[in-house]
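Presented below is the structure to which this report refers.
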There are 2 protein chains.
Amino acid sequence: MSILFSRQCEYAIQGVLYLALKPEGEMTSIKELTKRLDIPYHFLGKILQRLAGTGLLTSLKGPTGGFALGRKAKDITLFDVVNAIDGSDFTRNCVMGFPECSGKNPCSVHDTWGRMRDEIYDMLIRKNIAEMAKDMKKTEYRSARS
Amino acid sequence: MSILFSRQCEYAIQGVLYLALKPEGEMTSIKELTKRLDIPYHFLGKILQRLAGTGLLTSLKGPTGGFALGRKAKDITLFDVVNAIDGSDFTRNCVMGFPECSGKNPCSVHDTWGRMRDEIYDMLIRKNIAEMAKDMKKTEYRSARS
DNA sequence: TGGGTTTCGGACTGTGATGTCTTAAATATC
DNA sequence: GATATTTAAGACATCACAGTCCGAAACCCA
């Protein structure tokens with residue numbers, strides 16, 4: 001069975017959560033992120049770059065440079081991150097790949113899956129980065145990678 | 001956003017549903033399937049081969065040969081098909097990729113996602129091919145690809 | 001001004017999934 | 001038995017995603 005998010009997207013979420021644990025406005029380098037999160041250096045760089053391009057993150061070059069959240073953690077939802085990397089096609093396409101599946105012409109699992117899909121979407125929209133980060137803060141970060 | 005099933009798996013589901021609409025025991029050739037379902041000929045061949053290998057389908061070579069369901073449609077669940085192609089890893093791994101996410105050490109969306117994952121699993125287990133095919137029979141097949 | 005540090009951007013490689021092609025094996029019909 | 005038809009099986013090609021590498025641009029500090 002295939003999974004919900006691409007690996008890029010998983011990394012993006014982990015990175016954004018890590019940044020949310022930092023004091024507001026403090027810059028964090030890729031070097032620190034890659035060490036703490038165990039994500040390939042250059043790959044993570046590209047992902048953060050992409051997030052910065054959408055305004056979700058800010059970036060600064062040079063020493064003391066790095067990345068930080070582009071707005072307050074509570075104003076960033078899980079959906080914002082996922083949508084920036086993987087898009088939101090899953091909200092539209094039929095789960096079984098029937099090309100003409102729609103509300104007027106539903107397939108056999110259309111309604112059942114539609115309900116689950118809505119629940120997933122709601123979860124992504126409701127979860128904001130601030131409260132997620134707070135949950136993780138309870139224990140030391142690496143062991144809290146859970 | 002990435003999707004729930006691989007393309008192979010989507011094709012497998014579509015193929016099995018098509019076979020379920022046929023009289024019991026009647027063989028259907030790849031040629032017919034590929035034409036009606038608009039799936040690449042040889043690729044579909046490999047997928048059906050694989051399903052036959054697990055016993056989900058039976059196959060016969062030669063003229064009048066083809067594929068048919070390996071047991072009664074009502075005894076084949078959606079999970080059987082999905083599991084044969086994509087496996088069932090999704091029931092185990094953390095949706096955000098945190099390597100050490102577990103019940104004892106849950107991430108922020110662990111419980112929420114876990115509940116949804118269970119619902120998806122239940123859907124796959126409960127939906128059998130017979131009733132799904134019956135739903136689709138209501139309209140002409142191609143336009144019922146929905 | 002110059003050197004070191006960091007992100008930026010593009011090109012490149014590796015890998016797995018998707019899709020194609022060809023030959024062999026099995027079966028039905030004549 | 002010969003031939004046509006169909007699946008079986010493996011090699012091959014193509015493509016998207018994952019991951020690497022390098023030079024350039026921006027920035028800080030001495």
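Quick caveat: nothing in here was measured; it's all calculated off a predicted structure. Per chain, numbering begins at 1; letters A, B, ... match sequence-line order.
Under a hydrophobic-cluster definition in which Ile, Leu, Val, Met, Phe, Trp and Tyr are linked whenever side-chain heavy atoms come within less than 4.5 Å, directly or via other members, A:M123 and A:F79 are assigned to the same cluster.
Checking the phosphate oxygens (OP1, OP2) of C:dA17, no side-chain nitrogen or oxygen of B:Q8 falls inside 4.0 Å. Of the side-chain N and O atoms in B:S59, one or more sit less than 4.0 angstrom from OP1 or OP2 of D:dA8. Between B:Y41 and D:dT7 there is a side-chain polar atom (N or O) within less than 4.0 angstrom of OP1 or OP2. Neither OP1 nor OP2 of C:dC8 sits under 4.0 Å from any side-chain N or O of A:R50. Dashed line: the shortest gap from a side-chain N or O of B:K31 to OP1 or OP2 of D:dT6 is under 4.0 Å.
Here the nucleotide nearest the side chain of A:I30, chosen from C:dT7, D:dT6, C:dG19, is C:dT7. For A:T64, the side-chain atoms get nearest to D:dC28 when compared with the rest of D:dC28, D:dT20, C:dT18. Here the nucleotide nearest the side chain of B:H42, chosen from D:dC21, C:dT20, C:dT6, is C:dT20. Nearest nucleotide to the side chain of A:K61, out of C:dA28, C:dC8, D:dT20: C:dC8. Considering only side-chain atoms of A:P63, the nucleotide from C:dC8, C:dG19, D:dC27 that sits closest is D:dC27. Here the nucleotide nearest the side chain of A:R7, chosen from D:dT7, C:dA11, D:dG19, is D:dG19. Residue B:Y11 places its side chain closer to C:dG19 than to any other of C:dG19, D:dA8, D:dG19.
Nucleic acid contact for B:L48: none, since no nucleic acid atom lies under 4.0 Å from a heavy atom of the residue. In this structure, A:G66 reaches the sugar-phosphate backbone alone: every heavy-atom distance under 4.0 Å involves primed, P, OP1 or OP2 atoms, never a base.
In the displayed structure, B:R71 atom CZ is contacted under 6.0 Å by more than 12 heavy atoms of other residues, nucleotides or ligands.
Separating the CD atom of A:E26 from the P atom of C:dT6 is a distance of 14 Å, rounded to the nearest angstrom. To the nearest angstrom, P of D:dT7 lies 9 Å from CG of B:L44. If you take CG of B:L57 and P of D:dT7, they are 12 Å apart, rounded to a whole angstrom. To the nearest angstrom, P of C:dT5 lies 17 Å from CD of A:E32. Distance, A:L51 CG to C:dC8 P: 11 Å, rounded to whole Å. Atom-to-atom, CD1 of B:I85 to P of C:dA17 comes out at 12 Å; the value is rounded to the nearest Å. Between the NZ atom of A:K46 and the C1' atom of C:dC12 there is a distance of 11 Å, rounded to whole Å. Straight-line distance from the CD atom of A:Q49 to the C1' atom of D:dC22: 14 Å, rounded to whole Å.
A salt bridge between B:K127 and B:D122 is absent, with no side-chain N of the basic residue lying under 4.0 Å from a carboxylate O of the acidic one.
Of the residues near DNA chain D, A:G62 and A:P40, the one whose nearest nucleotide (by heavy atom distance) lies more toward the 5' end is A:P40.
Taking the six-membered ring where tryptophan is involved, the planes of A:Y121 and A:F90 are tilted, since the angle between them lies from 30° to 60°.
When each of B:L19, B:D75, B:T28, B:T58 is tested with B:L69 by the rule side-chain contact (heavy atoms from CB on, under 4.5 Å), just one qualifies, namely B:L19.
Considering CD1 of B:I13 and CG of B:L124, their distance stands at 8.0 Å, rounded to 0.5 Å.
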